[in-house]
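Right, one structure below, let's go through it.
Any value given below was found using the heavy atoms of this structure, including those in side chains, with hydrogens, waters and symmetry copies removed. In what follows, chains carry the letters A, B, and so on, assigned in the order in which the sequence lines appear, proteins first and then strands, with residues in each chain numbered from 1.
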Protein chains: 2
Amino acid sequence: MAKNRRYNRSRQRDRILELLRETGDHPTADWLYTQLKDEFPNLSVGTIYRNLNILLDQGLIKKIDFGSTFDRFEANTAPHYHFICDRCGSIIDLDLPIDPDLDSRVNDRTPYTALRHKIEFFGLCNRCSNMQ
Amino acid sequence: MAKNRRYNRSRQRDRILELLRETGDHPTADWLYTQLKDEFPNLSVGTIYRNLNILLDQGLIKKIDFGSTFDRFEANTAPHYHFICDRCGSIIDLDLPIDPDLDSRVNDRTPYTALRHKIEFFGLCNRCSNMQ
DNA sequence: GTTCATGCAAATCGTTTGCACAATG
DNA sequence: CATTGTGCAAACGATTTGCATGAAC
């Protein structure tokens, strides 16, 4: 996404942001499109995506993606946490025990029942921090 | 992916699993394809994907995806953890403090420098556990 | 010999982009 | 009026799939 641009306001973008703020959910582009197409009969999905990218660039929203645009596969089927290097992008299995206390924390303090969790840590791997 | 099937062995699938076990990395389908195309000159990407799905079905490998095949967006830009309901799939922002101790744990016990982390909890949301 | 896997190519699907026109400032 | 945004449709790229042939058991 192109940074350091100036943006004009648009009614479409204002509404996309409003909708994202109203809903407690984490909608897809298509959901936003469906919600708004009555209001903007000629709305196109391209507009939704372009505006979402602008809002991301402005730091007004976040995308729940996970770094890679590709599916990634691993043969380590035991539960484990991942470390992802900000610089080189490599994904590393961590040799740390799974912490069941985290699930309890959710169960004690929220109305949800956590059975398991995933953690991804981000930072610098040893290679990259030595290189610096 | 179709479950409850029987699978014949194939040299291609054996090698895909072997490669995934050898590499400490978390490769993409395309990386596996590139590695194996010398060994199987007529190999196609379709075969890679089909076999990866079979291996997933057999529980021999894991995919590092994150539930949704769609990008998802949210207006809550403050750091927070997510809860994802196994039954209805909804993604919910958790009102729990971020735990900096988790990063220290990585920094103390591994050669990596963790600066931040993400957690996704999985289980049942209040709606779905009441429904049961 | 029946079932499953492969190679090939086309299809699918979420997302991006080029272009002519409309809206913004 | 100079720039940015929109709608439309085509393009893109990762993944999936239909089909005829080959391998497994």
(request) Would you kindly give the CG-to-P distance between A/L52 and D/dT6, to the nearest whole Å? (result) 11 Å

(message) Pick the closest DNA chain D nucleotide for A/N51 and for A/V45 by heavy atoms, then say which residue is nearer the 5' end.
(response) A/N51

(message) Assuming nearest nucleotide by heavy-atom distance, tell me which of B/P41 and A/A29 is located more 5' along DNA chain C.
(response) B/P41

(message) Can you measure A/Q12 atom CD to C/dA23 atom P for me and round it to whole angstrom units?
(response) 10 Å

(request) Kindly give the cluster partners of B/F70, where membership spreads through any ILVMFWY side chain lying under 4.5 Å from a current member. (result) none

(request) Would you indicate, yes or no, if D/dG5 has its OP1 or OP2 atom less than 4.0 angstrom from a side-chain nitrogen or oxygen of A/R13? (result) yes

(message) Does a side-chain N or O of B/N42 approach OP1 or OP2 of C/dC8 to a distance below 4.0 Å, or not?
(response) yes

(request) Give, for atom CG of B/L55 and atom NZ of B/K62, the distance between the pair rounded to the nearest 0.5 Å. (result) 14.5 Å

(request) Report yes or no: does B/R72 contribute a side-chain atom to a donor-acceptor pair with the main-chain N or O of A/H26 at less than 3.5 Å? (result) yes

(request) Give the rounded distance in Å between these two atoms: CD1 of B/I54 and C1' of D/dT17. (result) 14 Å

(message) So does A/N51 get a backbone contact from the side chain of A/R13, meaning a donor-acceptor N/O pair under 3.5 Å?
(response) no

(request) Establish, with yes or no, whether the OP1 or OP2 oxygen of D/dT3 is under 4.0 angstrom from a side-chain nitrogen or oxygen of A/R5. (result) no

(request) Show your reasoning for whether salt bridge (charged side-chain N to carboxylate O under 4.0 Å, His left out) applies to A/R15 and A/E18. (result) CA-CA 5 Å; A/R15 288 291 291 130; A/E18 239 175 66; 2.8 Å; yes

(request) In whole angstrom, give the distance that lies between atom CZ of A/F70 and atom P of D/dC12. (result) 16 Å

(request) Would you mind reading off the distance between A/F73 atom CZ and D/dA14 atom C1', rounded to a whole angstrom? (result) 10 Å

(message) Using whole Å, what does the distance between atom P of nucleotide D/dG13 and atom CG of B/D71 come to?
(response) 16 Å

(message) Is the phosphate of D/dG7 approached by A/T47 (side-chain N or O, under 4.0 Å from OP1 or OP2)?
(response) yes

(message) Which is more 5' along DNA chain C, the nucleotide nearest B/R11 or the one nearest A/R11? Just name the residue.
(response) B/R11

(request) Let me know the distance between CG of B/L43 and C1' of C/dG7, rounded to the nearest Å. (result) 9 Å

(message) For B/S10 and B/D30, find the nucleotide of DNA chain D closest to each by heavy atoms; which residue's nucleotide sits nearer the 5' end?
(response) B/D30

(request) Rounded off to whole Å, could you give me the CZ-to-P distance for the A/R72 and D/dA14 pair? (result) 12 Å

(request) Measure distances between side-chain N and O atoms of B/R50 and base N and O atoms of C/dG7, and say whether any donor-acceptor pair falls under 3.5 Å. (result) yes

